[in-house]
Each structure stands twice: as C-alpha cells, then as structure tokens.
Amino acid sequence: MDYHLTLAGLRTTLCVPHDITIADRLRPFLCGPHSETDCRITLQSCSVLPIPAAEGVWHGMEYYDTAEGKTRVFHCPAPGAPAFAVTQWDAEGNVEIGVLPAYLSYFTGSSGIFNRIGMETLLLRHQGLLLHASLIKYKDRALVFSGPSGVGKSTQADLWRTHLGAAILNGDRAALRRTGEGWTAYGCPYAGTSGIYCNDSAPLHAIVVLRQGRRNDLRPLSAAEAFRYLYPELAVHHWDAAFVTAATDLCADLVTRVPVYLLECLPDRDAALLVQKGLAL
C-alpha cells in the first residue's frame, strides 16, 4: 500500500505492507501519486534485524550507529534491550524501517512511523532544518518568528493575521529548506498545541527573533549573533555528531543568506507595524 505526501516540498512516498491510519495532522499533506519521488519511506516485516555496531551511541531507548554507508536507529523497548525495529537512512535520503513481525502493530498508524523517523531527520537529509517558530505568509513571502517557548511567537503571528491579513502556515514549527532558488519556508505536520498545519510555502524573506520588552524595538543581527539565537531553537540530535555537523553548516548558511532581526516587543499592533516597515513588506 502506497501513500503519497508532499512534505516541505519533498515528494514523499510511504510504502507499507498494510493499510494504516493517517493522523489528522498529515491529511493536509496527502496528494496524488508522484511522477518522481524525492524521498521513499518503506516499512517492512523482517524475521531478523541487523546486528548493531559496537561504536554506536544510546539515546533513551534508541541506539544510533552507522554501517555500510547507512545511518541506523535501533528502536528498543528499554535501554540496552534487544531492538524490535530498525530505521536505516541511505545517502539519497530514503529510509527503510524493518520491524519484527510481533511488533508490526506498533506501526498501524502514520504517527508510529513518522515518530520513528523524525521530521528533523527527513529535512536534514534534504538540506532542511526544523525551527521552533511561528510561520506566516504575507504578500507571497514567508516571515518566521522564533524564540523560546512563551516569548510570544503565536501572539506576533496572530497580530499579523488580525491587522495585516497574513496567513499563518504553522503555529509552532517552521520547515526551512535550501533549494536552488534560495531558502524556502514550509508549513509542516508538527505544530505543537497550535493545531495549525498548513501545506503551503513561500520564499523566506526574513527571520525575526523575539524577546519581550518594555517597548517595541527592531534591529538587524550579524550572522554570528543570528546563529547564537537560532541554533538553540533547531531540532538537533546532539548525541549524533554527523547530525550536529550537518545542522551547524546549514544554519550557518541560513544566517548568511537570510536577514535575521531581533525584535524586543510588546504584544500590540505597533510591534507588527514596526516589523512590516523595517522589513519593507
């Protein structure tokens, strides 16, 4: 059974041996069959799983290693216990999930599959990053509000929707990908508690880092400053050295190509108007 999706502009095909339940958050990303596929995700039953390499690393109940040019994640019921499934990524960004037959019931829904892949891994394999941020589309350009939880990302996005007519593409996560045309921002199926999952995209015009303040003030950040603010808001596997290196390189490219601003603000209309004027939107 094949399911076809468009995820952050990636033509993705999910191949499974049985019908699965598609989570509500993924439904906006379903589409018809692709003429070409950027990423193939294959789930299959396996009577025997590969043997983990000794030089891997544990993170929670998952064991990460590399073998034969593939990054592998062994999924275990407890730290140190034998694996019941293994996810393997190849150099082209395709993924295979092998599952022992007794555990196939763990994968009867799309969430069980995608939780064991990770949107951040899918993106990174295709020149992309998953940023903790609210994403809006205004005049066919994307604007991202990033910062720690509780700083006011959703509030600023709502101000732009209310006072300037912007569309909110995602309330909590922005998928950012480097393409031949530059950096593009995409709505994605992960949005925290905001419940806003929109399958839309736009060229990334700017990133605004938020801090609460006593008045509204906007200033551009240097690439070094921008990196220090943005990197902590990325979904990064800090236990995976190759992942960290790739994410660091991509983030460095992002902050040199896309303007990043610091907005110290109040939760009011003037904050939105200040950014609109400062970014010439």
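Fair warning: this is a prediction, and the values are worked out from it, not measured in the lab. Heads up: numbering here begins at 1 and tracks the sequence.
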Between [atom1] of [X] and [atom2] of [Y], what distance do you get to the nearest 0.5 Å?
| X | Y | atom1 | atom2 | result |
| --- | --- | --- | --- | --- |
| Arg11 | His4 | CZ | NE2 | 13.0 Å |
| Leu263 | Leu274 | CG | CG | 6.5 Å |
| Ile97 | Gln88 | CD1 | CD | 10.5 Å |
| Arg161 | His163 | CZ | NE2 | 11.5 Å |
| Leu254 | Arg178 | CG | CZ | 9.5 Å |
| Gln156 | Leu210 | CD | CG | 5.5 Å |

Query raised in the report: So among Leu43, Asp19, Leu14, which one has a side chain to side chain contact (heavy atoms under 4.5 Å, CB included) with Met1?
Result: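 For Met1, the side chain to side chain contact (heavy atoms under 4.5 Å, CB included) check succeeds only for Asp19.
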
Query raised in the report: Looking at Leu234, Leu131, Leu135, Leu123, which hits side chain to side chain contact (heavy atoms under 4.5 Å, CB included) with Leu176?
Result: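 Option passing the side chain to side chain contact (heavy atoms under 4.5 Å, CB included) with Leu176: Leu131.
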
Report task. Indicate the ring-plane relationship of Tyr103 and Phe84, choosing parallel, tilted or perpendicular according to the 30° and 60° boundaries. Result ->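 Judged by the thresholds at 30° and 60°, the geometry between Tyr103 and Phe84 is parallel.
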
Report task. Evaluate the ring planes of His237 and Tyr64, with Trp represented by its six-membered ring, and classify them as parallel (under 30°), tilted (30 to 60°) or perpendicular (over 60°). Result ->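 Judged by the thresholds at 30° and 60°, the geometry between His237 and Tyr64 is perpendicular.
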
Is there a side-chain contact between [X] and [Y], using heavy atoms and a 4.5 Å cut-off?
| X | Y | answer |
| --- | --- | --- |
| Arg25 | Ser111 | yes |
| Tyr106 | Leu100 | no |
| Cys198 | Asn170 | no |

Query raised in the report: Has Asp249 got more than 12 heavy atoms of other residues, nucleotides or ligands less than 6.0 Å from its CG?
Result: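 Result for CG/Asp249: enclosed.
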
Query raised in the report: Run the side chain to side chain contact (heavy atoms under 4.5 Å, CB included) check on Tyr231 and Val244 step by step: do they pass?
Result: CA-CA 10 Å; Tyr231 187 82; Val244 170; 3.6 Å; yes

**Report entry** Evaluation steps, salt bridge (Lys or Arg N to Asp or Glu O under 4.0 Å), between Glu233 and Lys153
**Finding:** CA-CA 12 Å; Glu233 303 305 325; Lys153 297 182 296 295; 5.9 Å; no

Query raised in the report: In the single-linkage hydrophobic clustering (I, L, V, M, F, W, Y; side-chain heavy atoms under 4.5 Å), do Tyr138 and Ile196 co-cluster?
Result: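 Both belong to a single hydrophobic cluster.
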
Query - In one Ile/Leu/Val/Met/Phe/Trp/Tyr side-chain cluster, 4.5 Å: Val258, Leu124 - result: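 Same hydrophobic cluster.
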
Query - Result of checking Lys70, His75, Glu62 against Thr87 for side-chain hydrogen bond (donor to acceptor under 3.5 Å, both in side chains) - result: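 The residue from Lys70, His75, Glu62 that satisfies side-chain hydrogen bond (donor to acceptor under 3.5 Å, both in side chains) with Thr87 turns out to be His75.
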
Query - Candidate pair Val255 and Ile207, rule side chain to side chain contact (heavy atoms under 4.5 Å, CB included), full reasoning - result: CA-CA 9 Å; Val255 298; Ile207 298 172; over 6 Å; no

Query raised in the report: Going through the checks in order, is the side chain to side chain contact (heavy atoms under 4.5 Å, CB included) test met by Phe145 and Thr155?
Result: CA-CA 10 Å; Phe145 296 102; Thr155 298; over 6 Å; no

Query raised in the report: Run the side chain to side chain contact (heavy atoms under 4.5 Å, CB included) check on Cys15 and Arg40 step by step: do they pass?
Result: CA-CA 7 Å; Cys15 309; Arg40 184 174 295 276; 3.2 Å; yes

**Report entry** Any side-chain donor near an acceptor of the partner, Arg177 and Ser201, under 3.5 Å
**Finding:**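 No, no side-chain donor-acceptor contact under 3.5 Å.
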
